[in-house]
Colleague: 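Just dropping this structure here.
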Amino acid sequence: MSTTPVTVTVTGAAGQIGYALLFRIASGAMLGPDTPVRLRLLEIPQAVKAAEGTAMELDDCAFPLLSGVDIYDSAEAAFDSVNVALLVGARPRGPGMERGDLLAANGGIFGPQGAAINKGAASDVRVLVVGNPANTNALIAASHAPDVPASRFTAMMRLDHNRALAQLAARAGVGVAAVSNVTIWGNHSAKQYPDIAHAVIGGRPAPSVIADDAWVADTFVPTVAKRGAAIIEARGASSAASAANAAIDHVRDWVLGTPEGSWTSVGLVSDGSYGVPEGLISGFPCVSRDGQWEIVQGLSVSESAQAGIDVSVGELVEERDAVRELGLI
Ligand SMILES: NC(=O)C1=CN([C@@H]2O[C@H](COP(=O)(O)OP(=O)(O)OC[C@H]3O[C@@H](n4cnc5c(N)ncnc54)[C@H](O)[C@@H]3O)[C@@H](O)[C@H]2O)C=CC1
Ligand SMILES: O=C([O-])CC(=O)C(=O)O
C-alpha cells in the first residue's frame with residue numbers, strides 16, 4: 001500500500017451528491033484499494049454543520065484508507081495541495097428548468113474556485129466539474145487557472161455515458177458489461193448527442209445488433225438526453241447516487257486508465273477535434289493513458305451525427321458567450 005495519502009477536495013459536501021460520493025471515495029472505490037485518501041470538504045458557512053455530521057459518519061465507518069477529514073468554508077484553504085478536486089457544490093435544477101437556466105445562479109461559484117486551484121493545488125491536480133451547467137462551469141473554472149493546463153479541468157459526461165450503456169444493454173437483452181464505446185458528444189444538456197455508431201454490443205457493431213434506426217433516433221437519444229429531467233420528475237430531486245457513481249467512474253478511469261480497447265465520454269477542452277471550436281469543454285470519446293485523457297481520433301462521423309454534434313456544440317458556444325457577457329470568463 002502507498003503511504004502518502006491523495007488529497008481529494010469535494011465541494012458541496014453536505015449536499016445530496018456529496019452524501020452519496022464521500023463514502024465511496026473513502027472506501028477506495030475511486031482511487032483503488034491501495035491508495036489512502038485525505039478528504040477535504042468545502043461548504044458554504046450555513047452548511048458546515050451538516051458537513052460536520054457527514055464527517056462524523058465517515059469516522060464511524062472506520063475506513064482503513066481514510067487518513068483524515070477536514071472541513072472548510074474557504075476555497076483557498078480547501079484546495080491547498082489538492083490532487084483531485086470534485087466541484088459538486090452548486091444549485092440543482094427543479095422541474096421545468098433546463099440546466100443552462102442555472103448559469104446565472106451557479107456560474108459565479110466556479111471562477112473563485114478555479115483561482116483557488118490555480119493558487120494552491122498540487123502540480124498533478126485533476127478537476128472534475130459536476131455542478132450544472134457542468135461544461136460551462138468547467139470553462140469558467142479553467143479560465144481562472146492560467147497556470148494549470150486546461151486539460152486538467154473536465155466536465156462530467158459519464159452519467160450520460162452510463163445511461164446510454166444501460167439503455168442499449170436493456171434493448172439488446174445483454175448485461176451492461178457487454179456494451180462499450182458509446183460516445184456522448186457536446187453539452188451535458190438535453191441537446192447532447194448520444195452516438196452509437198461505433199458502439200459495440202457483445203463484440204458486434206451496435207447498429208447491426210440493434211438494427212432499428214427509428215428506435216435509436218426516437219427513443220434511445222431522447223431517453224438518454226432527458227433522463228435527468230425524468231429522474232427529477234420521478235424522485236422530486238435530481239440524480240444523486242448515479243451522479244456520484246459517475247464521478248467515481250470518471251476519476252478512477254482518469255487516474256488508473258480506461259480498460260484496453262474501450263473508451264468513455266469526457267467533457268474535455270477541445271483542441272479543434274471533430275470540428276469543435278478550440279477551447280470549448282465538450283463531450284468527446286476519450287481514453288486515459290498514463291493518467292492523461294486523450295480524444296479518440298479518426299472516427300467516421302456521418303452527416304446526421306455531425307448535425308447532432310453541431311447543435312450541441314452551438315449551445316456550448318451560446319453558453320460561453322453568455323458567461324463572457326456576464327464577465328465570468
Ligand atoms: N454533471 C452531472 O452529470 C450532474 C450534475 N448535477 C449537479 O450537481 C450539483 C449538486 O447537486 P446536489 O448535490 O443534488 O445538490 P444539493 O443542493 O443537494 O447540494 C449542493 C450543495 O452545494 C453546496 N454549495 C453551494 N454553493 C457552494 C459553494 N460556493 N461552495 C461549496 N459548496 C456549495 C450547498 O450548500 C449544498 O450543500 C447541481 O448543480 C446539480 O445540478 C447533478 C446530477 C448530475
Ligand atoms: O438533470 C439534472 O438537472 C441533474 C443532472 O445533471 C442529471 O441528472 O444528468
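The figures that follow rest on heavy atoms only: side chains count, while hydrogens, waters and symmetry mates do not. Order of appearance sets the numbers: ligands from 1, and atoms from 1 within every ligand.
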Colleague: In terms of relative ring orientation, are W215 and F220 parallel, tilted or perpendicular, with 30° and 60° separating the classes?
Modeller: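 Ring orientation, 0 to 90° scale: tilted.
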
Colleague: If we check side-chain hydrogen bond (donor to acceptor under 3.5 Å, both in side chains) with W263, which of these qualifies: T258, N181, T183?
Modeller: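 Considering T258, N181, T183, a side-chain hydrogen bond (donor to acceptor under 3.5 Å, both in side chains) with W263 is found only for T183.
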
Colleague: Measure D160 to ligand 2 on non-hydrogen atoms and call it side chain, backbone, both or neither using the 4.0 Å cut-off.
Modeller: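 For D160, no heavy atom sits under 4.0 Å from ligand 2.
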
Colleague: Do you know which of E319, E318, R99 makes side-chain hydrogen bond (donor to acceptor under 3.5 Å, both in side chains) with N187?
Modeller: E319

Colleague: Looking at A14, which atoms of ligand 1 are within less than 4.0 Å of one of its heavy atoms?
Modeller: 37 (O)

Colleague: Taking only heavy atoms of S239, which atoms of ligand 1 are found under 4.0 Å from at least one of them?
Modeller: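 Here the atoms of ligand 1 in question are 42 (C), 43 (C).
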
Colleague: Heavy-atom contacts with A47 under 4.0 Å: which atoms of ligand 1 show up? List them by number with element.
Modeller: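 Per the distance check, 35 (O).
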
Colleague: Out of I109, N132, L42, whose heavy atom sits nearest atom 41 (O) of ligand 1?
Modeller: N132

Colleague: Give a yes/no on ligand 1: does A240 have at least one heavy atom closer than 4.0 angstrom to it?
Modeller: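 Checking ligand 1 against A240, which is what was asked, there is no heavy-atom contact under 4.0 Å.
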
Colleague: How many angstroms lie between atom CG of D195 and atom CG of L299, to the nearest 0.5 angstrom?
Modeller: 8.5 Å

Colleague: Could you say whether the N/O atoms of S238 and ligand 2 ever approach to under 3.5 Å?
Modeller: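 No, S238 has no N/O under 3.5 Å of an N/O on ligand 2.
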
Colleague: Which is it for E76 and K119 under the salt bridge (Lys or Arg N to Asp or Glu O under 4.0 Å) test, yes or no, and what are the steps along the way?
Modeller: CA-CA 8 Å; E76 283 200 6; K119 185 164 180 209; 3.0 Å; yes

Colleague: When rounded to the nearest 0.5 angstrom, what is the spacing between CG in D290 and OG in S288?
Modeller: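 So the CG of D290 and the OG of S288 are separated by 8.0 Å.
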
Colleague: How does H188 reach ligand 1, by side chain, by backbone, by both or by neither, if only non-hydrogen atoms under 4.0 Å count?
Modeller: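 Under 4.0 Å from ligand 1, H188 contributes side-chain atoms alone.
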
Colleague: Between I17, V130, V10, flag the one that comes closest to atom 13 (O) of ligand 1 by a heavy atom.
Modeller: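 The residue whose heavy atom sits nearest atom 13 (O) of ligand 1 is I17.
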
Colleague: How close does the nearest protein non-hydrogen atom get to atom 27 (C) of ligand 1, and which residue and atom is it?
Modeller: I44 CG2, 3.5 Å

Colleague: Once you round to the nearest 0.5 Å, how far does CG of N137 lie from CG of L87?
Modeller: 9.0 Å

Colleague: Quick one: look up the protein heavy atom nearest atom 14 (O) of ligand 1 and list residue, atom name and how far away it is.
Modeller: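 That would be Q16 CB, 3.5 Å.
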
Colleague: Would you check if there is a donor-acceptor pair between the side chains of N162 and D249 at a distance under 3.5 Å?
Modeller: yes

Colleague: Could you label the plane-to-plane angle of the F284 and Y274 rings as parallel, tilted or perpendicular, counting under 30° as parallel and over 60° as perpendicular?
Modeller: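 Judged by the thresholds at 30° and 60°, the geometry between F284 and Y274 is tilted.
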
Colleague: Determine whether the side chains of R38 and S81 contain a donor N or O and an acceptor N or O closer than 3.5 Å.
Modeller: no

Colleague: Looking at ligand 2, does M97 have a heavy atom less than 4.0 Å from it?
Modeller: no

Colleague: What residue and atom, counting heavy atoms only, is the protein's closest point to atom 20 (C) of ligand 1, and at what distance?
Modeller: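 The closest one turns out to be A90 O, 3.5 Å.
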
Colleague: How far is atom 9 (C) of ligand 1 from its nearest protein heavy atom, and which residue and atom name does that atom have?
Modeller: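 The closest heavy atom on the protein side is V88 O, 3.3 Å.
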
Colleague: Would you kindly specify which portion of R163 sits under 4.0 Å from ligand 2, judged on non-hydrogen atoms: side chain, backbone, both or neither?
Modeller: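 It is the side chain that touches ligand 2; the backbone stays farther off.
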
Colleague: Between the side chains of E98 and S189, does any donor sit under 3.5 Å from an acceptor?
Modeller: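 No, no side-chain donor-acceptor pair sits under 3.5 Å.
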
Colleague: Got a second to check how far L65's CG is from I25's CD1, nearest 0.5 Å?
Modeller: 12.5 Å

Colleague: Give the numbers and elements of all ligand 2 atoms closer than 4.0 Å to a heavy atom of G228.
Modeller: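 Under 4.0 Å from G228, ligand 2 has these atoms: 1 (O), 7 (C), 8 (O).
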
Colleague: Just need the protein heavy atom nearest to atom 8 (O) of ligand 2, so name the residue and atom and give the distance.
Modeller: S239 OG, 2.6 Å

Colleague: For atom 17 (O) of ligand 1, grab the closest protein heavy atom and report residue, atom and distance to one decimal in Å.
Modeller: P92 CD, 3.4 Å

Colleague: On a heavy-atom basis, I'd like to know which of R227, R93, R99 is closest to atom 7 (C) of ligand 2.
Modeller: R99

Colleague: For atom 44 (C) of ligand 1, what is the closest protein heavy atom, and at what distance to 0.1 Å?
Modeller: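 Atom 44 (C) of ligand 1 sits closest to the protein heavy atom A243 CB, 3.6 Å.
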
Colleague: Same cluster for L31 and L22 if Ile/Leu/Val/Met/Phe/Trp/Tyr side chains link at under 4.5 Å?
Modeller: yes

Colleague: Compute the minimum heavy-atom distance from H188 to ligand 2 and say whether it is under 4.0 Å.
Modeller: yes

Colleague: Please list the nearest protein heavy atom to atom 32 (N) of ligand 1 with its residue and the distance rounded to 0.1 Å.
Modeller: G12 N, 3.3 Å

Colleague: What is the distance from atom OG of S304 to atom OH of Y193, rounded to the nearest 0.5 Å?
Modeller: 5.0 Å

Colleague: Record the part of I231 in heavy-atom contact with ligand 2 below 4.0 Å; permitted values are side chain, backbone, both and neither.
Modeller: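 Under 4.0 Å from ligand 2, I231 contributes no heavy atoms.
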
Colleague: I need the S27 OG to L58 CG distance, nearest 0.5 Å.
Modeller: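 Reported to 0.5 Å precision, the distance equals 10.5 Å.
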
Colleague: Using heavy-atom distances only, which candidate in Q113, M157, E43 approaches atom 30 (N) of ligand 1 most closely?
Modeller: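 Considering heavy atoms of Q113, M157, E43, the nearest to atom 30 (N) of ligand 1 sits in Q113.
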
Colleague: Nearest protein heavy atom to atom 19 (O) of ligand 1, by residue and atom, and its distance?
Modeller: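 Nearest protein contact, heavy atoms only, for atom 19 (O) of ligand 1 is G15 CA, 3.2 Å.
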
Colleague: Go through ligand 1 atom by atom and flag the ones less than 4.0 Å from a non-hydrogen atom of M156.
Modeller: 1 (N), 2 (C), 3 (O)

